[in-house]
Amino acid sequence: EAARPWATTLAAFRIGYAPPNWDALSKHFDKQGIPPGVGERAGLLLPGQRGHYDRFRHRLMFAVVDSMGRVVGFSGRALRAPTREEIERAGGNLPSYDGDAPAKYINSPESPVFKKGEQLFGLFQAKQGIRTRGEALLVEGNFDVMTLHAAGFDHAIAPLGTAFRSEE
């Protein structure tokens, strides 16, 4: 298998970053004239006591795409907690990480277009590799899929943190 540059892999999987501020996305939506209810219905914003706040904060973001390449949800991997100095530099507008650590991964909530148990991470990117090889390589998670694709194993896919089960 031929390895490919990480930049190509990151672009193919639409990797991004959600800043640590409570309201970065909410403020961005406001500047764009997008009502907070739209972000809430998309699973990106949550209602709070002082308005809406961002569901995904200080996370490496993975776009979850369906088999046709359409973004249907997101998976966010927690990063190292910001230091006190980073929180102060941001004007104190960062979440406190005192107490329990955030969940390692969070996914978009279930919706008419996103059902976690029906999606496989990397399936769209692996379609051609699966066709060519006649098999899929099922691995544990998002990083495994990306690392294998970068190394030339373009038939790797992963569940979105959910057990396989038959529908009744």
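Predicted, not measured: the structure shown is a model, and the values here were computed from it. Atom set for the values below is all heavy atoms of this structure, side chains included, hydrogens, waters and symmetry mates excluded.
In this structure, CG in Leu46 is found 7.5 Å from CD in Glu40, a value given to the nearest 0.5 Å. Remark: His149 NE2 to Leu137 CG distance equals 8.5 Å, nearest 0.5 Å.
In this structure, the side chains of Val65 and Gln125 come closer than 4.5 Å at one or more pairs of heavy atoms. Within the 4.5 Å cutoff, the side chain of Asp54 has heavy atoms near those of the Leu45 side chain. Looking at Phe56 and Leu44, their side chains come closer than 4.5 Å, going by heavy atoms from C-beta outward. With contacts defined as side-chain heavy-atom distances shorter than 4.5 Å, the pair Arg57/Pro20 does not qualify. Annotation: side chain of Val113 is not in contact with side chain of Arg70 (no heavy-atom distance under 4.5 Å).
The shortest heavy-atom contact between Asn142 and Ser75 is ND2-OG, 3.4 Å. Taking all atoms of both residues into account, the shortest heavy-atom contact from Thr9 to Met146 is CG2-O, 3.6 Å. Here the closest non-hydrogen pair linking Leu138 and Ala158 is CD1-CA, 4.1 Å. Minimum interatomic distance between Ala136 and Ile157 (heavy atoms only, all atoms of both residues): CB-CD1, 4.0 Å. The minimum heavy-atom distance between Lys116 and Asn107, with the atom names listed, is CD-ND2, 3.1 Å. Between Ala24 and Pro19, the shortest heavy-atom contact is CB-CG, 3.7 Å.
Under the 4.5 Å side-chain contact rule for hydrophobic residues, Phe114 and Val71 do not share a cluster. Under the 4.5 Å side-chain heavy-atom criterion for grouping Ile, Leu, Val, Met, Phe, Trp and Tyr, Met61 is not connected to Tyr17 through any hydrophobic cluster. Hydrophobic cluster membership is shared by Val72 and Tyr105, with clusters built from Ile, Leu, Val, Met, Phe, Trp and Tyr side chains linked at under 4.5 angstrom. No continuous path of hydrophobic side-chain contacts links Val145 to Ile106 [ILVMFWY only; heavy atoms under 4.5 Å].
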Checklist entry - Would Phe124 and Val64 count as a side chain to side chain contact (heavy atoms under 4.5 Å, CB included) if you check the C-alpha gap in whole Å, the side-chain angles of each, and the deciding distance to 0.1 Å? => result CA-CA 9 Å; Phe124 176 72; Val64 177; over 6 Å; no
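Within a 6.0 Å radius of NZ in Lys104, other residues, nucleotides and ligands contribute 12 heavy atoms or fewer.
Using modelled atom types, no side-chain atom of Lys127 and backbone atom of Leu123 make a donor-acceptor pair closer than 3.5 Å. Looking at Arg55, its side chain does come within 3.5 Å of a backbone N or O of Gly43 through a donor-acceptor pair. Of the possible polar contacts, none joining the His52 side chain to the Gly37 backbone as a donor-acceptor pair under 3.5 Å is found. Put simply, the side chain of His58 never gets that close to the backbone of Ala78: no donor and acceptor are under 3.5 Å apart.
Just one residue in the list Phe62, Phe74, Phe143, Phe121 forms a ring-ring contact (aromatic ring centres under 6.0 Å, His included) with Phe13, and that residue is Phe121.
Using the six-membered ring where Trp is involved, Trp22 and Tyr53 have ring planes that are perpendicular, over 60° apart on the 30 and 60° scheme.
Partners of Glu135 under the side chain to side chain contact (heavy atoms under 4.5 Å, CB included) rule, at least two apart in sequence or in another chain, are Arg133, His155.
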